[in-house]
Protein chains: 2
Amino acid sequence: MTTAATDPGEACNNLALRRAARYLGATYDRALAPAGLRATQFSILQKLSAYGEMTIGSLADMISMDRTTMASNLKPLAREGLVTVEPSAADRRARIVALAPDGLSRMKTALPLWREMQARFEERFGQGEAARLRACLDGVLDTGFEPWAE
Amino acid sequence: MTTAATDPGEACNNLALRRAARYLGATYDRALAPAGLRATQFSILQKLSAYGEMTIGSLADMISMDRTTMASNLKPLAREGLVTVEPSAADRRARIVALAPDGLSRMKTALPLWREMQARFEERFGQGEAARLRACLDGVLDTGFEPWAE
DNA sequence: CGCCAATAGGAGCATATGCTCGTATCGTTC
DNA sequence: GAACGATACGAGCATATGCTCCTATTGGCG
């Protein structure tokens with residue numbers, strides 16, 4: 001036998017989360033691949049579509065991503081003409097991210113793929129279970145550790 | 001008001017998972033920083049400590065990580081002398097990863113930090129809730145999508 | 001024995017993630 | 001209006017993640 005029964009690392013909350021995130025991330029990536037989008041890219045376009053243009057920082061906060069990470073994630077999208085990143089007229093420090101026409105149509109192409117992936121996941125995992133899991137995960141963000149502070 | 005109430009993206013299982021993983025990952029990283037380890041690096045050393053030496057692929061499977069990702073994650077650890085990566089005598093295709101003495105002591109340094117982080121998380125999130133969350137996340141891995149297959 | 005599918009991995013690429021440090025700007029305060 | 005702290009970023013760095021294509025090796029099969 002292995003020493004699995006005595007492995008305390010099995011109880012690591014972070015490892016459990018990362019494993020599941022890698023797994024589901026790859027699954028969603030694959031589901032969205034026909035539209036030429038990664039799951040994260042879809043999230044970005046979807047948020048821009050739902051909330052309209054905003055600064056890089058606001059967009060980053062919206063999906064709990066670091067500002068600098070969002071900035072580099074926007075580069076491939078801007079290169080493909082799916083989003084525009086323009087200096088703000090009102091505040092010249094800020095750069096405003098907006099969904100370009102191609103980005104909107106790309107998002108609309110990906111939307112049914114996303115919906116089908118959601119449905120497939122919830123079919124296997126349980127619709128109520130999935131909703132509870134999402135609520136639970138949102139609760140993790142409210143534990144108040146604020147790892148980004150100082 | 002925003003259009004938040006009509007944002008279907010709020011129900012994205014993958015986004016919920018990634019957000020929480022980024023958040024908790026940063027929190028665990030910070031907790032382990034005094035030991036000079038990232039959370040993922042700690043997981044690797046911990047698994048090697050619990051299960052002994054193994055191939056790169058086996059180690060990758062153990063934490064649901066891609067083989068090539070594990071290979072590159074091992075490089076900084078090998079550079080610091082925390083692990084050794086040596087060709088297998090039995091199978092010259094395989095490379096065996098083993099915990100070096102420095103790696104064991106580093107892991108033992110990080111262990112109380114990890115335990116304290118676990119305790120702090122479970123204090124705020126709820127011990128039973130955390131256990132249920134981990135079980136739920138393990139369940140995600142059993143949905144059978146196998147995103148790595150062709 | 002020779003061939004071949006399967007296995008284990010490396011190289012190179014692209015994106016993802018987030019840090020530190022530095023820059024530009026803004027708003028307030030004296 | 002000059003100084004200063006806060007805000008919004010960018011650049012450069014390092015690690016994380018995983019893909020495709022490639023090589024080396026193994027084990028089985030005719």
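Residue numbers start from 1 in every chain, and the chains themselves are labelled A, B, ... in the order their sequence lines are given, proteins ahead of strands. Quick caveat, the model's predicted, so the values are computed rather than measured.
- For C:dT17, neither phosphate oxygen OP1 nor OP2 lies less than 4.0 angstrom from any side-chain nitrogen or oxygen of B:R38.
- In summary, B:R120 and B:E123 do not engage in a salt bridge, as defined by a charged side-chain N under 4.0 Å from a carboxylate O.
- Under a 4.0 Å N-O distance rule, the pair A:R106/A:E80 qualifies as a salt bridge.
- Using a 4.0 Å cut-off, some side-chain N or O of A:N73 falls inside it from OP1 or OP2 of C:dT17.
- Between A:D29 atom CG and C:dA14 atom P there is a gap of 17 Å when expressed in whole angstrom units.
- Looking only at side-chain heavy atoms (C-beta outward), B:L137 and B:L17 come within less than 4.5 Å of each other.
- Atom pair A:F42:CZ and C:dT15:C1' shows a separation of 19 Å (rounding to whole Å applied).
- In the helix from C:dC1-D:dG30 to C:dC30-D:dG1, the terminal helix axes, each the rotation mapping four pairs' C1' atoms onto the next four within five end pairs, subtend 0°, rounded to 10°.
- Atom CD in A:E80 sits about 13 Å away from atom P in C:dA14, given to the nearest Å.
- Remark: P of C:dA16 and CG of B:N14 are 12 Å apart, rounded to the nearest angstrom.
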With sugar-phosphate taken as primed atoms, P, OP1 and OP2 and all else as base, the protein-contact string of nucleotides 18-28 of chain D at under 4.0 Å (heavy atoms; B, S, -) is BBB---BBS--
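- A donor atom on one side chain and an acceptor atom on the other are not found under 3.5 Å apart for B:E146 and A:Y23.
- When rounded to the nearest whole Å, the span between CG of A:L74 and P of D:dA8 equals 16 Å.
- Salt-bridge annotation for B:R134 and B:E129: absent, with no side-chain N of the basic residue lying under 4.0 Å from a carboxylate O of the acidic one.
- Salt-bridge formation is detected for the pair A:K47/B:D7: a Lys NZ or Arg NE/NH1/NH2 atom is positioned less than 4.0 Å from an Asp or Glu carboxylate oxygen.
- Contact annotation: the side chain of A:L59 approaches that of A:L74 to within less than 4.5 Å [non-hydrogen atoms, C-beta and beyond].
- Atom CG of B:L32 is separated from atom C1' of C:dC19 by 17 Å (rounded to the nearest Å).
- Side chain to side chain, B:N73 and B:Q41 fail the donor-acceptor criterion of an N or O pair below 3.5 Å.
- Nucleotide D:dA16 holds its C1' atom 17 Å from the CZ atom of A:R19, rounded to whole Å.
- The closest side-chain donor-acceptor pair between A:S43 and A:T40, if any, does not fall under 3.5 angstrom.
- For the OP1/OP2 pair of D:dT15 and a distance below 4.0 Å, the side-chain nitrogens and oxygens of B:R79 include at least one atom meeting the criterion.
- When the P atom of D:dA16 is taken as reference, atom CG of B:L24 falls 16 Å away, rounded to whole Å.
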